[in-house]
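As the structure is a prediction and not an experimental result, all values here were calculated from the model. Per chain, numbering begins at 1; letters A, B, ... match sequence-line order.
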Amino acid sequence: MSRFYVTTPIYYVNDEPHIGHAYTTVLADVLARFHRALGDKTYFLTGTDEHGQKVQQAAEKRGVDPQQHVDEYVLRFQEKWDALDIRYDQFIRTTQANHKAVVRHLLQLLWDKGLIYKDTYEGWYSVAEERFLTDKEYEEGDWRDVKQLSETNYWFKMSAYQEKLINYIHDNPDFIQPEFRKNEVLGFLRQELGDLCISRPKSRLSWGIELPFDSEYVTYVWFDALTNYISAIGYPDRDEEFKTWWPADVHLIGKDILTTHAVYWPTMLMAADLPLPKTIFAHGWWLMGDTKMSKSLGNVIRPLDLANEYGVDALRYFLMREMTPGQDASFSIEAFIGRYNSDLANDLGNLVNRITKLLGRNFDSILPDPGETSPEDADLIQHVNGLQERVRDELDQLKVNYAITHVFDVLREINRYLEETAPWKLLKTDKDRAGAVLYNAAEALRLSAVHLYPVMPDKIARLLEVMGTSAKARFGEPGWFEWGHVKSGTTLGQIDGLFPRIEVKEAPEETSVKLDLKPEISFDDFTKLDIRIVKIIKAEKHPNADKLLKLQVDLGAEQRQVIAGIADFYAPEDLVGKSVSIIANLKPAKIRGEISQGMILAAEDDVTVAPLTPLKDVKPGSKVR
RNA sequence: GGCAGGGUAGCUCAGUUGGUUAGAGCACCGGCUUCAUAAGCCGGGUGUCGGCGGUUCAAAUCCGCCCCCUGCUACCA
């Protein structure tokens, strides 16, 4: 028996729970349930990140205290996880007292070790973006509300750990998964690693954890959020508990927060002399941009609503079966229904039905005697007995989707076995043998289902009960994974419609696609735009950017230079002499070192970009209204 | 542009110490069956294994060049 500690990120409490949150959390739940079943000592942590400016602003807007705000908003996650049958061991919130104490302890520790220093940063600050800009960013980009700002903050000496971290990643090949993500992190670390700004003055951000060594500041996101992984399990006071669980076996994360978890967090742990998590696993995203989906239904599918319609377990199954962890996957209602019908209804549900009905009708649902093992019985038993190892091998690599396919291979094997032995015929000639066959089929089904329990806890629990396992028996009890655990003479149950087929209506050609319009504006707003027709007199590649063209355009009274991001679609020579429309009163900006005095108007779809051209020739400089 | 990964059946993908007729699931077609949820079982693919060239007795698998896609990164008025 070993030990398994799995975490999800803590989700930002202001966010609306969506399929990405749900996927990570269900994956963690499935892994945790598997490990519990296999007898491992298991801990599953999830929670919410509840500090920061957005919470502060949202609370102000609602006119409530930030704590009240997060107390209300956290329920959206907790209720969703309840609905999805998530069985975490702890739901941590960064506003809870013990977490805040641990964050302060950690900050004090690093301060005492001289790993945090105070420094004044002077430079460009974008008010709109709420962030400082590097000189390079300022020169090359277009930033609104930029001003020179000087601000004193506290910095963590992250740079001191660059070499150590690179070596650690090389020495621990499983540390960052999948492999290609590891390479990305190493690529990131080839550039010089800077120090990490970890504070904000209270004048700008008050909703946070106060620095223990300076009451004028709160800590900014990293030390607050990442520390949850250790504050939840006893660091530093409950040493025995902490040592039981840390280091974590796997931090599950989305690919968007790889750097914080694979760079910031490890260096923080190194600074505190703590071991690093064994694996950081970055999964992909669910792609929803499938136009086919929205067309066939005329609106946007909200995946989590499918749980209401077709059951929580069906959604959990789909999420786990359809995504190869690490890769992106695409979500469509067609794929969901396809999976449901062919796997859950046909292979599994129908098999349950044929076995339990044959037993009910002919043996009063009392499990018959297996008798002597024939060669075909032995084949079946062998398939089933190898299942646990195959499933476990996949799970050790977090390949839940492959684990599931192994189970369904066995279910198909059982269907074949029934076809070969045809117990419905044997009943007329050799009832004992028919009973033996049904014993074997039932036990094979039970053992297969056991391996699906972590994915579909509700449905499979009901099924296992029907298959002769006491309702009170806890998953993972001795013998569950062994052939013959349920003895002949046991009374089985009946179950109807475990996974009823989803009848697919003939999908009519949908015409309406929902428009995603920006908020309404007034006519005055419109008239602020000065749109003109210009003639392109010269076009060339931007010297310092692949996707940009540098255009000289004739506005009648004057000529201008305009930069346009259309190099992927047009060669410079295609454009010379053409008339296009531009916004002529847009504030000029420097794009990759070249001035741009206006913006070309162009239509864009998922195939190409098409600059807008007048139907008839008009003079350069003509107004567009 | 730099770095990384990929392009195999209609779809999603498996398949490298180079070696017999290149596989799975789904979809589709035909047959069998009718215990069962219009389910089950059996059978059905001449796929240029992205392209061209090379190494070899032998290449999806190794090498070179090229095309396309994805991710990270730079940039995207």
E184(A) CD to U70(B) P, in whole Å, measures 15 Å

When the C1' atoms of C11(B) and U16(B) are compared, how many Å lie between them, rounded to an integer? 25 Å

Taking a pair to mean Watson-Crick or G-U wobble geometry with both distances below 3.5 Å, A58(B) pairs with none

Whole-Å distance, K255(A) NZ to G5(B) P, equals 17 Å

B/S/- along nucleotides 29-41 of chain B (protein heavy atoms under 4.0 Å) is ------BBB-SBS

Quiz item: Using the P atom in both, what is the distance from G43(B) to G6(B), to the nearest Å?
Solution: 34 Å

The salt bridge (charged side-chain N to carboxylate O under 4.0 Å, His left out) partners of D369(A) (sequence neighbours excluded) come to none

Looking only at atom C1', what distance separates G44(B) and A27(B), rounded to whole Å? 14 Å

Considering only distance and modelled atom types, tabulate donor-acceptor pairs under 3.5 Å from the side chains of residues 256-263 of chain A, sequence neighbours left out.
residue, atom, partner, partner atom, Å
T260(A), OG1, I257(A), O, 2.9
H261(A), ND1, I257(A), O, 3.2
H261(A), NE2, Y229(A), OH, 2.7

Roughly how many Å apart are A58(B) and C66(B), using the C1' atom of each and rounding to a whole number? 26 Å

For G64(B), the nucleotide meeting Watson-Crick or G-U wobble distances (both under 3.5 Å) is C52(B)

When rounded to whole Å, the CG to P distance for the pair D328(A) and C13(B) reads 11 Å

Sorted by chain and number, sequence neighbours left out, side-chain hydrogen bond (donor to acceptor under 3.5 Å, both in side chains) with N353(A) holds for none

Query raised in the report: For atom C1', what is the distance between G50(B) and A60(B), given to the nearest Å?
Result: 12 Å

- Item | Separation between the C1' atoms of U12(B) and G7(B), rounded to whole Å | 15 Å

Answer yes when K182(A) and E179(A) have at least one side-chain N-carboxylate O distance shorter than 4.0 Å, and no when they do not.
yes

**Message:** Base, sugar-phosphate or nothing for Y402(A)? Non-hydrogen atoms, less than 4.0 Å.
**Reply:** sugar-phosphate

message: Please give the distance between the C1' atoms of C63(B) and C29(B) as a whole number of Å.
response: 43 Å

Report task. Please test E443(A) against R446(A) for salt bridge (Lys or Arg N to Asp or Glu O under 4.0 Å), starting from the C-alpha separation and ending with a verdict. Result -> CA-CA 5 Å; E443(A) 188 62 354; R446(A) 182 192 67 80; 2.8 Å; yes

From NE2 of H261(A) across to P of C72(B) the rounded distance in Å is 17 Å

Check your understanding: Rounding to the closest angstrom, what is the interatomic distance between G47(B) and A22(B) at atom C1'?
Key -> 9 Å

Can I get a per-line list of side-chain donor-acceptor pairs under 3.5 Å for residues 386-396 of chain A, giving both atom names and the distance, sequence neighbours left out?
residue, atom, partner, partner atom, Å
R390(A), NH1, G386(A), O, 3.4
R390(A), NH2, H383(A), O, 3.1
E394(A), OE2, H406(A), NE2, 2.9

Taken to the nearest whole Å, CG/L258(A) to P/C3(B) is 20 Å

Would you call the rings of F175(A) and Y168(A) parallel, tilted or perpendicular, taking 30° and 60° as the class edges? perpendicular

If pairing means Watson-Crick or G-U wobble with both distances under 3.5 Å, then the partner of A9(B) is none

Sorted by chain and residue number, the side-chain hydrogen bond (donor to acceptor under 3.5 Å, both in side chains) partners of E558(A) (sequence neighbours excluded) come out as R560(A)

Rounded to whole Å, CG of D343(A) lies from P of C26(B) at a distance of 8 Å

Checking N1-N3 plus N6-O4 or O6-N4 for Watson-Crick, or N1-O2 and O6-N3 for wobble, each under 3.5 Å, the partner of G1(B) is U73(B)

Judged by nearest nucleotide, the residue sitting upstream toward the 5' end of RNA chain B, R190(A) or R181(A), is R190(A)

